[in-house]
Amino acid sequence: MSQDYLDFITNVKRKTGIDLALYKEAQMKRRLTSLYEKRGFKDFNDFYKAMTSDQKLFDEFLDRMTINVSEFYRNAVRWKVLQEKILPKLLKQNKRLKVWSAACSTGEEPYSLAMVLSNFMSLSDVSILATDLDSNAISRAKAGIYPERSLQEVPLDIKAKYFQKDGMFYKVEDAVKKTVTFKKQNLLADNFEQNFDLIVCRNVMIYFTDEAKDVLYHKFSRALKPGGVLFVGSTEQIFNPQTYQFETEDTFFYRKV
């Protein structure tokens, strides 16, 4: 690891509590190098100095680092499994589910969860915690306004029921927005709430080192009730679930034993 990147990691951790060393080095370095070169800096030291005095540049760094790529019902087949197999089983154990969308990005995932849960209960009974590291992403999530391409996988009846077309964009209905509480959180550094029935954390683990993943899976396991389920992304299969007190419930769904 080059000295200027090491210094950058140390400085960022001191300033923000974010430990870039827990992210895969090659991917993160490539992403951040293209950003600082685009902005006219010659190395990580120059970039960091500028970031400390320019909030816009700092926000851009956070945006680039946290990879906000999302859409509603991403990998629709998995959401079908959630609706038809996972949720009915969870609802047999408990009529009011404690649900968390971790690393929720710009809000498509927690809002998708609310819409799926509306098949089983009134939206007024749905309550979802949604957390992310990036304040900009959370602001966009709270606004609930999305381009059409984010809605490609949304079932047509759900699209008609819970979205309003607004020019070239779609707005999430207020009744759906009210079900979600957004909070800023650093998954790797912060403590988790406990006793969740369902935790959804998709398409973020792929950016972490194996050591960081191991820490996170243990934390997620402790945060779930026995019988609770962790739902991960479609490139994030856990190959040794028993290490974390999990058993495979379905592809990309893990039940805490």
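All residue numbers in this chain count up from 1 along the given sequence.
Using a 4.0 Å cut-off between charged side-chain N and carboxylate O, Lys183 and Glu193 make a salt bridge. Lys85 has a carboxylate O that lies under 4.0 Å from a charged side-chain N of Asp250, or vice versa, which qualifies the two as a salt bridge. The pair Glu249-Lys256 does not count as a salt bridge, with every side-chain nitrogen at least 4.0 angstrom from each carboxylate oxygen. One finds a salt bridge joining Lys13 and Asp19 here, because a Lys/Arg side-chain nitrogen approaches an Asp/Glu carboxylate oxygen to under 4.0 Å. Salt bridge Lys213/Glu236: absent, no basic N to carboxylate O contact under 4.0 Å.
Under the 4.5 Å side-chain contact rule for hydrophobic residues, Leu35 and Met28 share a cluster.
Side-chain atoms of Asn75 and Arg78 form no donor-acceptor pair, as typed in the model, at a separation below 3.5 Å. In summary, the side chains of Trp79 and Ser112 do not present any donor paired with an acceptor at a separation below 3.5 Å, with no hydrogens or angles considered. Counted by atom type alone, Gln83 and Asn119 present one or more donor-acceptor pairs between their side chains at under 3.5 Å. One side chain, Thr243 or Asn240, offers a donor N or O that lies under 3.5 Å from an acceptor on the other. Side-chain contact, Ser150 with Glu71: no donor N or O sits under 3.5 Å from an acceptor N or O.
In this structure, the side-chain contact (heavy atoms from CB on, under 4.5 Å) partners of Glu211, at least two apart in sequence or on a different chain, are Thr209. For Glu37, the side-chain contact (heavy atoms from CB on, under 4.5 Å) criterion is met by Thr33, not counting sequence neighbours.
Counting heavy atoms of neighbouring residues, nucleotides and ligands inside a 6.0 Å radius, atom NZ of Lys171 does not exceed 12 of them.
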Test log, rule salt bridge (Lys or Arg N to Asp or Glu O under 4.0 Å), inputs Lys159 and Glu153: CA-CA 10 Å; Lys159 191 171 169 180; Glu153 302 264 26; over 6 Å; no
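Smallest separation of non-hydrogen atoms from Phe246 and Val257: C-CG2, 4.0 Å.
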